[in-house]
Amino acid sequence: MGITQILFWILAIFTLFSALMVITSKNPVYSVLWLIITFFTISGHYILLNAQFLAVVNIIVYAGAIMVLFLFVLMLMNLAKDNEPQKSKWLKLAGALAGGSLLLVMVAALKGTEQQMTELGTGNIGLIENLGQVLFTQYVVPFEISSILFLSAMVGAVIIGKKE
Amino acid sequence: MNVQYYIFLSVALFVIGIVGVLTRRNAIIVFMCIELMLNAVNLLLVAFSKMHHLANSAKDITAGTDGQLFVFFIMVVAAAEVSVGLAIIVMLYRNTQSIDINFLNRLKH
Amino acid sequence: MKNLIFLIPLLPLIGFLVNGLGRKTLPKGVVSLIGCGVVLGSFLISLMIFLQGSYSATPFKYFDFINVGDLKIPFSFQVDQLSTLFILIITGVGFLIHMYSTAYMHEEKREHYGRYFAYLNLFIFSMLLLVMGGNFLIMFIGWEGVGLCSYLLIGYWFKHIDYTKAAKKAFVMNRIGDFGFLLAIFWIVQQWGTLSFYDLFNAETGKVAIMSAQNTTAVIGITLLLFVGAAGKSAQIPLYTWLPDAMAGPTPVSALIHAATMVTAGIYMIARSNVLYNLAPFTLTIIAIIGAATALLAATIALKQNDIKKVLAYSTVSQLGYMFLALGSGAYVAAIFHVMTHAFFKALLFLGSGSVIHAMSGQQDIRFMGGLKSKLKITYATFVIGCLAIAGIPPLSGFFSKDAVLLAAFEHNTFLYIVALITAALTAFYMFRLLFITFHGSFRGTEEQKHHVHESPAAMTIPLIVLAVLSIVGGFVGVPEAFIQGGEKLTRFLQPVVPAFAHHISHSTEYLLMLVTAVISIIAIVIAWMRYRTYKEEKSTPFGKVLANNWYVDEVYNSAIVKPLNKFGSFANTYFERSGIDALVNGVGRMVNYGSRQLRWLQSGQIGSYILLMVISMVLLFVLQFFLRS
Amino acid sequence: MIVLLLLLLPLVGGLVAFFLKEGNSARGWSLAIALATLAVSVVGIIGAKGSENLFFSAPWMGNLGTRFSIALDGMSQILCLLMAVSYPLIFLSTWKSNYSKPANFFGLMLLAQAGMIGVFIATDALLFYFFWELALIPVYFLCSGWGGERRIPVTFKFFIYTFTASLLMLLGLLYLYFQTPDRSFALEAFYALKLPNETQLWVFWLLFIAFAVKMPVFPFHTWQPDTYEQSPTAVTMVLSGLMVKMGVYGVIRWVLPVVPVASYQWGDVVMSMAVIGIVYASVLAMQQNDLKRLVAYSSIAHVGLMAAAIFAETKTGLQGVLMQMFNHGVNIIGLWIVVELIERQFKTRKLSELGGVAQKAPGLTILLVILALANVSLPLTNSFVGEFLMFNGIFNSTATKYSALFSAVALISIILSAVYTLGMIQKIFYGPTNSITENTHDIFTNERVALGVIVLLIVTFGVYPQPLLNLTSDFVDVLLKQASVANLMVK
Amino acid sequence: MNTLIFTALSGVLMMFSAFLLKSKTAVRLLAHVLLAAIIIINLLELRDVRLLNINVEGMMQFDRFSLLFTLVANVCTFAFFALSSKDMEKVGVHYSDYFALLFFILSGVVLVASFTSLLILFLGIEIISIPLYILTGSDKRNLKSNEASLKYFLMGSFSTGLMLMGIALVYGATGTFNTTLMTSGSNGPSVLFLSGLLMLLFSMSFKVSAAPFHFWTPDVYDGAPTVFTSFMATIVKVAGFIAFMRLFSQAFGDIRAEWQLLVAIVVALTLFIGNITAVFQQSVKRMLAYSSISQAGFMMLAVYSVSADAREGIILYAAAYSLATIGIFAVLIKMNDYSFDGFNGFAKQQPLVAVTLVIFLLSLAGIPLTAGFLSKFYMLKATIDAGSMSLSIFAVLMAAVSAYYYFRLIQAMYFKDGVMEPIEISSGFKYTLITIAAITVLLGIFPGLLTHWLYF
């Protein structure tokens, strides 16, 4: 049981706990905050898997940009109160059960994979220059394509957001 | 260590996201849960990329990079999606003063 | 020769076409001229053939009627002694009746007059087809043709809905017979692959003639089915009820179709296929029994009828029963003989009654007649002759033919003989009852009838006289050997086609039987004389009532067959069809609609439920993929 | 070429008819086209015996293994003749009844004719299916466009019913296509198939259902009376006189020879269905008060007999069927013409409301009586020959153990048919006149001509049927050889 | 590749056209011109004439199939423009931006039609989806439109999550995103691989609105502005199918036995729910939404039986279905009343248009002599070839049901007489409709016109 393993367990527990908090906490703002924490723990995982670049990007993009955006919107709608309307507990139960069974099934299915499972490796492909290398040689086309995505998203945001 | 743990972890996260989607009424929270699902996927991808790197680094030094790049693209897309999604939610809020998805039932049958 | 024969049926056909198409334009004179002329023409031709005695066992083939695979049915005529005899009767009596009709129907409107003669000619044509046909199919064509004509002529006065109903009844009853006939035909095809009489029956090579096996299923089946056909056409139990109703038609029609010719088609058919019947003694027995039963039943009914034509109708049925009795006893010649004589005197009686009705301006109920003998001398005289003939008083024709029948019956089965004897007595009784009530006593009609009463014109009386003569002398062709050497002319004449009846009783017994018959008839007549010399109201006994309503047979049929059929029909129509089959078909559509209405609830509009359903189905599919598939 | 012409004439003519503005020109045009088709078909049958004119084949639809191949063999000839003879009669007899939007009406009529001719001459399964539907669609529009007040649901039921069945047939054909070695829809390829028995047993139903609904055979018949009742009489003529034959034709062409063993195996089932149907329909016909429904049921009875005779698999029976297809078509069109006349004059089809017409309209009476006699298949009318042959075929069939029983039960129909047909005549024509019928006028020239032609056909082929029989004799021999596989095996 | 580039570029151009061109007519004209240019380029590319070559690192593969489909999609879009682009003005003020988004979507279509890497697939689908979320909501004042857009967005991104999970699992199993290199291990496909496959199956089913992942379809199609519904229901949907087929034939073709059962179930469900539910609809628009589901069921048959027939068939189906549906929608947009009764007496007022509508409906119902029949025919052919008679029988029965609701519209137009307030229809519109109808019939008689491009 190496140090990485111990760290993994701790992080995993944190991740799951905070994720659960995201979906359970009454106050939306809290959920946002919990989600941010989740992202941090996930970044932790990335570091463990020494994908440093992704860890950083994750924090910047998600925790930094996206979640802040969420927060803004929530504030703007001042929904930061605990009395958010709840689904009837039957529906909740049903949802939980469905999700639980899905988990059960997938886990049951995937644990059959044990024998052909390989160990995780180390190595520094996660470093920015290596990624950059590949990104701008092999993956340049998708990279360009994603620009179309952004353009359309931008136009969309304008169409939707702009007051008439 | 064994990749299996990561599979289970991310599957668990993924399912938690799904459960969130199923159990919450607030559109934004639902959306956040979806983001959670995406992150679960990211985690899994990274884990796999490491795995494949170990498996194939002998013949190809950049083996497994693609997985991490995919994560990168997912983040890109997620960002774009968020911008649009929030715009839509705000628009709806402007019109109805609510983002409760239970009230979205003008269209049915 | 061949073409000459073809002319025989062709002439009436032409007459039919001309009269039918020109019924609006042609004046009555022309119509009657054509109508009678064509029949006379074919009569003369057939007479010529008869005198030449030029018969041919092999049929004359004109063209392929049906020629499919190995089923070859030519359109062919066969003119041998048997058919010639019938042709003579048909055309001869037919001509007289045509002539009679010209006077009887003269009040009809022009186009209806034309229509009448067209029908009459068509009937002669079909009847000739029937008797001349060289195979069962051509015979069947004529068979149905005469059925059609009787339908048309019974319903001739179509304004009266009842008449048309009677016509329909007649046709349907005949159809029931034809049902049997057709099946028999198919069976014959199956057995012997041909329908030609020659190929079936000729002594040397005939497929049936060379058979030895008796009472095989096929033979019995075929003969029985053929008999069903005959029973339908010749009004035997159980299919006789149409004949009395058929009296709705004009009287000459009754005389021609329902007495002289059409109803004897059944006898002709069985006589024609005697070779076949000789192989099926079982069938013959049944025929004999049914014949005797019919004869008796009809005779009893005739006792209580008050409609002059009804009496004659039932007596016809009874006489037909006689003929079948003869057939059943194997005495084909006797049957044919009786057909011939019966054609004479029954036609005579019908025409006589027609003359009476004519004189009484449409009155048919004998209770309102009486004392006509002074006014209608000729009619009366001829009528008496007819009655004597049918009663079998020697030496009139009826005596010989009836005697031949009784003799055969006696040798075949004593019981049947006794039944026949009783029938003979009854016949004599009701015929003279009719005679006395009609012509004797005092006049019971209305005043202006009384003034109107007059002897019929020559066109009507001449046929009466001719037929009367025939009724007297007609019997001499069949004087039994017992009387004169070289009697039984008819038998010898028909020898090539119809085998003679093998007598095996002494002449003395034969004399005795004749005596018995004659005496019994005379006694019956005397009783009738005492009872009906002067008309008095008949007191109705319950049994008499049963007879008057002819044993309620019609009612029984009605409630036993017609009603249930209609019940079933209306049930099927309203319930089984609509809410049975159709409901099933529509049910599918309804089901779809219902399902549609239910499925819509899945589309609740709630994202939550949508995703929930998706997740659940995901789970299910996962389970199916990983844990249920082997 | 002639065969192609036979198809193109009504097709093009129909399309042109749509663009004719005013009614009479459309009428005249379509009548002209119909007559032209008649001429062509007569030439095609008498003129061009076995010459190249009777076949046409061209590639189409690329690599689907189907060809645009059409041919006129004995059966096609007799049916095309029927088509060609009927249409002028229909147009002639309905000359006086004025339809709204005549251009569309006659255009659709001609299109339907093209479709049906196509069905009768197609020798390629896919092509056959194409025409099958092409014939259905115009008729659907005709019925629900010009029909009675309940037309829309009734016609729709008819459409869905037949459409579903025909889709199943398509699957059957498709399946057979995959069984052919060289993946082809050609008729010969289908005939060359030797399918294993158990396969045949279920393929049979896929194919047969479509035809059974079209004919219709007993349990599938419920659409028919309603449809006949609701559609305009001209269309009813097409439906009952011609379209019905598509079903019979289909069985003879695409079922019997293609799945012989199954046809043999299921023969008893189908025959009993048919025979029950005959009696059942006749009994129902006796119950009807509506003239159209009565004729409809009697038609069901007659067609049932054809169905039974087909599966008897005897030469006489099949020749009878082929001949009867022609006769029944002609006769029933005649009956419908009379129905049309009566309906147009008295504005009612209720038998109970009619009566005494004979006194006023003797011409009509005589013609109808002759038609009725043909309907009860009296000797010397055409249908007697056909039915005689069919009954004979059934009775002498070796394909079923119960041949005698079947024919006996079926033969009951000649009694029942007499009952309801004569009943009909009696109710309409005999007895005293009433308020509705007292000022009846006799028939017009055009109707007189149409009915006259029909009566002529009835009598001619009743007295001398041999020409029609010769036309189809060879075809039946070939067919039986093809289907005779069944007779080798014991049931 | 050229097509892709030019489509994207024209999208950008349209973006800026708002500043350059003031009149909407000019904008529309520009859009038409650009699309025409794209079609030409596409044609050239199909005939192997490339203006510029770009190394795509084996992430895309512009084979005949993809190019032919792109061509079909572009042509259909052109028909869509010709018929309905004028009606986009009614939706909102951002006229040029709508065009821009449509072009972006088209580029997405090109991507999903020619991907060989799951990354491209993912990007393509997103490029298709995100603009659609917006177009759905583009009628901003209309609550239904808003609601539809949010529903579509949430469920769409949910399915994206599923798809990503699938991709990840597949990647885990094979170590590559390249669909052509994916090989299941020697001892059968690993569980990872299969569960990834399932996830992908779910998400793709969602995109093509196959049951039980179809729930979004009726609501979204109903809520979206009709113009865009028409686009969504046709071009986008069939693009989804092309992606579906490509993915399952390339990546999972060799382990067909593993997933055919599931696909069969999905097909059956889709056909059943789509057809049965459509029967009861009272609004034509919603009926068309359900009919699109049922048609999807038929197209799924191509996925079920990945074969040459299926490829030809799906192309033909794409063309037939898109053209017919676009035509019907184009007329529907003009109507003031979307209910069936709204069409009562339509034939009297617009005989010519009615005829074309009838042709489109017959094509959808799969009546011979229309492209619709042949495309269904191809599907059945492929299915029977793949050895599932029962499935095809079921499909056929459902097709019969579909005739029920299509003919309801015909009945309304022709046989039910009602007074509908007149609608203005330009002659150009009419001629376009007639042309499209003519194409539908032509393809119904000579499918070779289209399919032979796959080979020569």
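Every chain is numbered from 1, with letters handed out A, B, ... down the list of sequences. Nothing here was measured: the structure is a model prediction, and the numbers come from that model. Hydrogens, waters and symmetry mates play no part in the numbers below; they use all other heavy atoms, side chains included.
Taking A/Lys92, A/His45, A/Met106 one by one and counting their heavy-atom pairs under 4.5 Å with chain B, the maximum is reached by A/His45. Interface check for chain B: of the options A/Ala51, A/Gly100, A/Ala65, the most heavy-atom pairs under 4.5 Å are formed by A/Ala51. Per-residue heavy-atom pair counts under 4.5 Å with chain B were compared for A/Leu102, A/Asn58, A/Val57, and the maximum is reached by A/Asn58. Heavy-atom pairs under 4.5 Å with chain B peak, among A/Val61, A/Leu35, A/Asn130, A/Leu93, at A/Leu35.
A side-chain donor-acceptor contact under 3.5 Å links B/Asp60 and B/Thr62. Side chain to side chain, A/Ser25 and A/Ser31 meet the donor-acceptor criterion of an N or O pair below 3.5 Å.
The parts of B/Leu43 that come within reach of chain A are both its backbone and its side chain, each placing non-hydrogen atoms under 4.5 angstrom from that chain. Only the side chain of A/Phe53 comes within less than 4.5 Å of a heavy atom of chain B; its backbone N, CA, C and O stay farther away. Residue contact with chain A, scored on non-hydrogen atoms closer than 4.5 Å, involves the backbone and the side chain of B/Tyr5 alike. In this structure, chain A has a heavy atom under 4.5 Å from the side chain of B/Val84, while its backbone stays farther away. Only the side chain of B/Phe8 comes within contact range of chain A, with heavy atoms under 4.5 Å apart. If you measure heavy-atom distances from B/Ile18 to chain A, the contacts under 4.5 Å come from the side chain alone. Both the backbone and the side chain of A/Leu135 come within contact range of chain B, with heavy atoms under 4.5 Å apart. For B/Met32, the parts lying under 4.5 angstrom from a heavy atom of chain A are both the backbone and the side chain. Using a 4.5 Å cut-off between heavy atoms, B/Val77 touches chain A through backbone and side chain atoms alike. Contact annotation for A/Ala98: only side-chain heavy atoms (C-beta onward) come within less than 4.5 Å of a heavy atom of chain B. For A/Ala19, the parts lying under 4.5 angstrom from a heavy atom of chain B are both the backbone and the side chain. At a 4.5 Å heavy-atom cutoff, the contact between A/Leu48 and chain B is made by side-chain atoms alone. For B/Leu38, the part lying under 4.5 angstrom from a heavy atom of chain A is the side chain only.
Closest approach of A/Met77 to B/Tyr93, counting heavy atoms only: O-OH, 3.5 Å. For the residue pair B/Phe103 and B/Ser98, the shortest heavy atom distance occurs at CD1-OG, 3.8 Å. What you find for A/Ala96 and B/Val19 is that their closest heavy atoms are CA-CG1, 4.2 Å. When every heavy atom of B/Phe73 is checked against every heavy atom of A/Tyr139, the shortest pair comes out as CE1-CD2, 3.8 Å.
For A/Phe40 and A/Phe14, the distance between ring centers is not under 6.0 angstrom. Taking the six-membered ring for Trp and the full ring otherwise, A/Phe8 and B/Tyr6 have centroids separated by under 6.0 Å.
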Pair up each side-chain donor or acceptor in residues 150-159 of chain A with any protein partner under 3.5 Å, not counting sequence neighbours, and list the distances.
from     : atom 1 : to       : atom 2 : distance (Å)
A/Ser152 : OG     : A/Ile148 : O      : 3.2
A/Ser152 : OG     : A/Leu149 : O      : 2.6

